[in-house]
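Have a look at the structure below, then the notes.
Chain letters run A, B, ... following the sequence lines, proteins first and then strands; every chain starts at 1.
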Amino acid sequence: MRGAGRVEFLDPDAGLHLECDAADVAREVARLEADAAPRWVWRDTREWAPALLDAGVRVARCHDLRLCGAILASSTATAGAGSVVRDRPHWLPVGPAEAVLGAAAAPAAPVDRGPALFEVDPGPGPEQTESPSAADLVVEHDRQVALAAASDRPGAMRLLLAAESAGALIAAELHGAGLPWRRSVHERVLEEALGPRPPVGRKPARMDELAVRVRRELDAPALRLDSQADLLRALRAAGIGVDSTAKWELREHDHPAVAPLLSYKRLARLLTANGWAWLDEWVVDERFRADYVAGGTATGRWATSGGGALQLPKAVRAAVVADPGWSLVVADAAQLEPRVLAALARDPAMAAAGRGRDMYRSIVDAGVVATRDEAKVALLGAMYGATTGDSGRLVPQLARAYPRAMALVDRAARDGEAGRQVTTLLGRSSPVPPRSWHEAQAAASQPDATAVDERRARSSARDWGRFTRNFVVQGTAAEWALCWLAGVRTRLAELGAGRSRAAASGPVFERSPHLVYFLHDELIVHTPSETADAVADAVLESAAEAGRLLFGEAPVEFPLDLAVTESYASADA
DNA sequence: GACTGTCGCGCC
DNA sequence: AAAGGGCGCGACAGTC
């Protein structure tokens, strides 16, 4: 697995210590999984899970020291943990979210790079530091367990660490399984929108036709539509008073060039983001294998690197089709974040609205706002910190009806504006603002501060406040989703147990239902069709369980939109 | 030629 | 319709 030599696996709780030759790891892990159901403790799931999966071995449980160490290190919930050592060992790399935000937290941050919200300092990759010994792993695991136990809410923190670790396993498994992707369907979508695949260096026919029309309407025969700067100049020369080439601005103008230009931009986006080149690069053997990055963002949402799995446009989802004899179970949590807010704030009026299937409709029925659209915009505005436009105008109405919910997000915003951390339900904390942020605040409080200094400081304080306002809701929603996902994984393993024993020597994902996609509040299971109903039940049960794990019997429901289908495209509500 | 910053836009 | 949170990515433009 990792070259030659001895490797070590641990389950300190079970007193289990596996030491064997590298070549035997997969077999030994498989044996112990069957016999002892261990919780493996390792530095980084990314070091082990891919090769184990390649060898046909799935691990039921693990503790990922890297991800859990990152949560514990920055959590306000462990701030009062007394004598427990808070320093992580040098062999434990920072998590991906910290790699982005780490420079902000590090006292020795490099020079100020300007007013960016985040500063970048890529941490070491999984293989760049020396491997820890078994004794190192035991010491670090003990430290993390002690820190969790000494935290403000030990049960919540233990749940978060377990969910985060399960997420790391699932991320590896999603990559291993791949999303079923029908190349022929994708190609048909592209040809219908763009025309036949053009030779290298040529634009698709539909884009050429639209470009001709735009140039004619703008009276700019040599215009390159792909250059924002040239395009903006040409638009203004034609009397279209836009400040950018963004489509929401263009839509406001009633000029014959606008319609073909918007069409051109839509096609250009499809071509560059998910065109033939994407298909060639990312779809192999009818599978799209994204690189998921568990714990990849500050709020605990995942990130992906490569392939753009977080932004698969609706137009190409038709290519996600189950294998013959198999089905997709597609599920997403409806209106997850507003429901999380209601439960988190224990706001009785908002929780009442969160009891029905359509929370926005319930808000209208309660007489808070006039239309469902207004309810949606107002609620999103409350969570994101909108101050202007329709959204900003509607927020005060919401605040009168749901004072406790509003107080929760307002408090989070004030904390952020003051430079304080905020923390999710289970204990994940926001990063501290970057050094440049603190410097901007300090500059504004100097006696010789200029109006520009003060404006800049106020603006960056509010920016950070919007981030922390959203953090508690988005981060807690991510915790719900992780618990949901982990529950689904466990239940699928039970469903597939009989099948996979029958196929013990075959590929891991060949015969039993398995997760193939996850996106914030949405998941897809690929399953033999005869098991689809049982999978659907498992997905629903897991959602109910996630609600109970986070909020006990709080009176908020987390309904799913769920479909058993052959194609992702037909699952859209 | 390699790198970085910005824009624009897709997703939640 | 508007432009408030979180992302990734490709294209362009400017810089070295």
Side-chain angles (χ1 to χ4, degrees), chain A residues 96-97 100-101 113-118 120 224-232 242-252 261-262 264-275 277-278 281-282 290-293 295-317 332-338 340-341 371 373-374 376-395 409 412-413 416 422 430-431 462-475 477-478 481 517-523 572:
Chain A
V100 175
L101 297 158
R113 288 186 215 82
L117 202 53
F118 301 128
V120 177
R224 301 175 301 152
L225 273 73
D226 298 322
S227 165
Q228 288 166 31
D230 292 355
L231 179 57
L232 184 59
V242 288
D243 293 317
S244 79
T245 63
K247 69 176 180 188
W248 55 82
E249 207 176 340
L250 285 167
R251 264 200 303 256
E252 299 305 302
L261 177 55
L262 290 175
Y264 178 91
K265 287 166 78 79
R266 186 176 56 82
L267 294 184
R269 169 75 190 181
L270 177 63
L271 175 68
T272 56
N274 298 98
W278 182 90
E281 182 175 357
W282 287 102
D291 291 315
Y292 291 93
V293 185
T297 78
T299 61
R301 276 187 174 180
W302 290 10
T304 60
S305 77
L310 258 47
Q311 54 218 63
L312 288 182
K314 296 248 158 62
V316 304
R317 292 183 182 185
D332 74 280
Q335 305 159 348
L336 176 59
E337 292 191 357
V340 163
L341 172 57
T371 68
D373 250 21
E374 285 186 346
K376 181 177 181 176
V377 164
L379 212 36
L380 293 175
M383 292 187 297
Y384 292 163
T387 54
T388 60
D390 286 352
S391 184
R393 182 173 56 76
L394 290 164
V395 167
V409 288
V422 296
S430 63
R462 278 197 300 266
D463 285 349
W464 199 262
R466 276 195 300 278
F467 169 56
T468 54
R469 170 190 294 272
N470 184 251
F471 183 96
V472 286
V473 178
Q474 189 187 119
Y517 191 63
F518 174 57
L519 178 58
H520 307 324
D521 60 1
E522 179 174 3
L523 61 80
D572 265 335

Results of side chain to side chain donor-acceptor pair (under 3.5 Å) for A:Asp226 - residues two or more places apart only: A:Lys203, A:Tyr264
Show each protein N/O and nucleotides 1-4 of chain B N/O combination with a separation under 3.5 Å, one pair to a line.
none

Whole-Å gap separating P (C:dG5) and CG (A:Leu341): 17 Å
Which residues share a side-chain contact (heavy atoms from CB on, under 4.5 Å) with A:Ser227, sequence neighbours left out: A:Arg224, A:Ala229, A:Asp230
Whole-Å distance separating the CG atom of A:Leu380 from the P atom of C:dG5: 13 Å
Touch class at under 4.0 angstrom, heavy-atom based, for A:Asp390 against every strand present: base
With sequence neighbours excluded, residues passing side chain to side chain donor-acceptor pair (under 3.5 Å) with A:Ser244: A:Glu249
Partner set under salt bridge (Lys or Arg N to Asp or Glu O under 4.0 Å) for A:Arg466, not counting sequence neighbours: A:Asp463
Salt bridge present between A:Arg393 and A:Asp390 (N-O < 4.0 angstrom): yes
Which nucleotide in C:dG10, C:dA2, C:dG8 has an atom nearest any side-chain atom of A:Thr272: C:dG10
Donor-acceptor contact present, side-chain A:Trp278 to main-chain A:Gly307, <3.5 Å: yes
Sugar-phosphate, base or nothing in reach of A:Val377, heavy atoms under 4.0 Å: base
Minimum-distance nucleotide to A:Arg251 side chain [options: C:dA3, C:dG4, C:dG10]: C:dA3
side-chain contact (heavy atoms from CB on, under 4.5 Å) against A:Thr245, all qualifying residues, sequence neighbours excluded: A:Gln228, A:Leu231, A:Leu232, A:Leu235, A:Lys265
Partners passing side chain to side chain donor-acceptor pair (under 3.5 Å) against A:Arg266 (at least two apart in sequence or in another chain): none
Separation of C:dG6 C1' from A:Met383 CE (nearest whole Å): 12 Å
Position toward the 5' end of DNA chain C (nearest nucleotide), A:Glu252 or A:Ala303: A:Glu252
Any N/O pairs under 3.5 Å between the protein and nucleotides 14-16 of chain C? List them or say none.
none

Euclidean distance, atom NZ of residue A:Lys376 to atom P of C:dA1 [Å, nearest integer]: 13 Å
For A:Asn470, all residues meeting side chain to side chain donor-acceptor pair (under 3.5 Å), sequence neighbours excluded: A:Gln474
A:Thr299 side chain vs A:Phe471 backbone, donor-acceptor pair below 3.5 Å: no
Which nucleotide in C:dA13, C:dA11, C:dG5 has an atom nearest any side-chain atom of A:Asn470: C:dG5
Touch class at under 4.0 angstrom, heavy-atom based, for A:Gly392 against every strand present: nothing
A:Asn274 CG - C:dG8 C1' separation (whole Å): 12 Å
Residues in side-chain contact (heavy atoms from CB on, under 4.5 Å) contact with A:Gln335, at least two apart in sequence or another chain: A:Pro338, A:Arg339, A:Asp358, A:Met359, A:Tyr360, A:Arg372
For atom CG of A:Leu270 and atom P of C:dA11, their distance in whole Å: 13 Å
Phosphate OP1/OP2 of C:dA2: any A:Thr388 side-chain N/O under 4.0 Å: no
A:Arg393 CZ - C:dA3 P separation (whole Å): 12 Å
Protein-nucleotides 6-12 of chain B N/O pairs under 3.5 Å:
residue : atom : partner  : partner atom : Å
B:dC7   : O3'  : A:Gln228 : OE1          : 3.0
B:dG8   : OP1  : A:Thr245 : N            : 3.0
B:dG8   : OP1  : A:Thr245 : OG1          : 3.1
B:dC9   : OP1  : A:Lys265 : NZ           : 3.3
B:dC9   : OP2  : A:Lys247 : N            : 3.0
B:dC9   : O2   : A:Arg269 : NH1          : 3.2
B:dG10  : OP2  : A:Lys247 : NZ           : 2.1
B:dG10  : O4'  : A:Arg269 : NE           : 3.3
B:dG10  : O4'  : A:Arg269 : NH2          : 3.2
B:dG10  : N2   : A:Gln311 : OE1          : 2.8
B:dC11  : OP1  : A:Lys314 : N            : 3.3
B:dC11  : O3'  : A:Arg317 : NH2          : 3.1
B:dC12  : O3'  : A:Asp521 : OD1          : 2.4
B:dC12  : O3'  : A:Asp521 : OD2          : 2.8
B:dC12  : O2   : A:Arg301 : NH1          : 2.9
B:dC12  : O2   : A:Arg301 : NH2          : 3.2

Spacing of A:Glu374 atom CD relative to C:dA2 atom C1', expressed in whole Å: 13 Å
Contacts of A:Leu310 that satisfy side-chain contact (heavy atoms from CB on, under 4.5 Å) - sequence neighbours left out: A:Thr304, A:Leu519, A:His520
